[in-house]
Each structure stands twice: as C-alpha cells, then as structure tokens.
Number of protein chains: 2
Amino acid sequence: MDIERSISALNNPMRRRILEWLKDRSNFPPALPGHEDLEGVCVAYIQEKAKLSQSTISNYMGLLKQAGFVKAERHGQWTFYRRDEENIQAFLAAVKDELLKT
Amino acid sequence: MDIERSISALNNPMRRRILEWLKDRSNFPPALPGHEDLEGVCVAYIQEKAKLSQSTISNYMGLLKQAGFVKAERHGQWTFYRRDEENIQAFLAAVKDELLKT
DNA sequence: TCCATAAATCGAAATATCTCGATATACCAA
DNA sequence: TTGGTATATCGAGATATTTCGATTTATGGA
C-alpha cells in the first residue's frame, strides 16, 4: 500500500471519475462479442466517455493500476480494466489510519 | 467539503506529516508562557520540526487550512494551528463515499 | 505474410506545484 | 514612535504533472 502513489493517482478529477464509472459496467457500451463474461472495460470505451486522447487514457489507467485501484486483464488486442475493490478498501483503511487521531 | 482541494493538500508527504504531528501537542516544544491553555502550535515550532523555510510552512499551513484539515487561531503575533477533527472525519467519509462501490 | 485495430510508449509544450529568499504586515514592548 | 519578532505574501527558478499527437508494439484476421 503505497499511500503516496495512491493519493497522487487520486489527485485528478478525471481519474476519480473513471474510478466511479467503473463501479457499474453499465456506464459503458455493452461488452464486445465473445467478451460478455468479462467485467472489465476496454480502454477505447473509457476514452470515448472521458473525451480525452487515447494516450492520455492509457496513461491514466496505468497510473490507476500502479496505485492499485484497478486491475488489467489482456484479452487479445484488448486490455480490460476493472476496479480492485480489495485494494481500494485497503487504501481507505490506510488513509483513515494515517489521518484519524484515535 | 471540497474533495479536490483536500486531496491536493494531502498530496504532499510533509503536509501529511504535519497533520500527524498535530495529533499530539507533545510532538512540539512546550507552549509559550501564557499560552499553556491553547492546544494549537505556532508556525515557528512546525517549521523547526519540518526543517523547511518559514514561507513554505506558512504556505503549507494555509493550504491545510483551506482544505479544512486545520484551524488557525491568532493570539498576538502568533498563529496557533490545530487539527480540525470534525472536518477530517467529514473528508474521510466523503472519500469513502466517492471511492467505495456499495 | 500483410493489414487493421487496440493499447502502450515517446517526446514535447503548457500548466501547476514546490520551495526558496526577500519583502510586507501585524502586533507587542520599550 | 521605534524596533523587534511572528507570520503572511510576493516573485521566481526548479521540478512535476497534464495532455497531446506521433510512433511503436501486440494481436488477430484475410
């Protein structure tokens, strides 16, 4: 749990928004044919919703991944990103522990 | 609760450290004579512990104050800073709410 | 093999943050 | 009123982040 890297990743409104979008797969277009079983979302879908360049979104997803907020799964030419709920909870616990007095 | 501003304020190791130091008044030298009843800590004490310039610490405390993490109380020529526990808890709740899925 | 598509990486310009020393402001004491 | 001390603000250089378009890499299909 690298709190430094995690807070940096969160220190950007669009990255936080992406994390929120990923809470619900239905925020994005339906899964590509043959990938209906995957919970993750491909970079192109995120890019389309965020309206930022492909390279920027790829970079953002990399930062979120390094921070532990998302997991990436490569299937063919697509990379599917989804939230890492366990790590997100661990981050919240760590921030709480560092910030709270008691 | 401006989560943007708060996360920015936290996105710095020394500012987070100051927030931790302020959990316990005894992390700093004893109160100045005549101010024993105050829980806050003056800028000079924080500066001495942080080993950064006076202007930097003044700036940092201003950012932490704008973010709602600390309260400032002026007494004579001194400004005493102390944690705002209520706002800190509100921030944690807000981050949890934004970040957590359920 | 060759081409098309998805994603990652590179290089760079614009903007923001960090941090300082110098200066300004506020306040106290003589 | 004058001088001293504490803090805030200003201006600037160094560094980091943001975001892009161009390029590279990986993969799958004709």
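Numbered from 1 within each chain, the chains take letters A, B, ... in sequence-line order. What you see below is based on every heavy atom in this structure, not just the backbone, and it leaves out hydrogens, waters and symmetry mates.
Nearest-nucleotide positions on DNA chain D place B/A72 closer to the 5' end than the other of A/N11 and B/A72.
Distance A/Q77 CD to D/dG28 C1': 6 Å, rounded to the nearest Å. For the pair B/N59 CG and D/dT7 P, the computed distance is 15 Å after rounding to whole Å. With rounding to whole Å, A/H75 atom NE2 is found 22 Å from C/dT5 atom P. Distance, B/R5 CZ to C/dA16 C1': 14 Å, rounded to whole Å.
Salt bridge absent: B/E39 and B/R83 never bring a charged side-chain N and a carboxylate O closer than 4.0 Å. Using a 4.0 Å cut-off between charged nitrogen and carboxylate oxygen, B/R16 and A/E98 count as a salt-bridge pair.
Nucleic acid contact class of A/F80 (heavy atoms, under 4.0 Å, all strands): none. Within the nucleic acid shown, A/T79 comes within 4.0 Å of sugar-phosphate atoms alone, with no base atom in reach, counting heavy atoms only. Within the nucleic acid shown, A/N12 comes within 4.0 Å of sugar-phosphate atoms alone, with no base atom in reach, counting heavy atoms only.
A heavy-atom distance below 4.0 Å to DNA chain D is reached by these residues of residues 45-54 of chain A, ordered by number: A/L52, A/S53.
Between the OH atom in B/Y81 and the CH2 atom in B/W21 there is a gap of 15.5 Å [rounded to 0.5 Å].
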Exercise. Are B/S58 and B/S55 close enough, and set up right, to give a side chain to side chain donor-acceptor pair (under 3.5 Å), and what steps lead you there?
Worked result: CA-CA 5 Å; B/S58 180; B/S55 61; over 6 Å; no
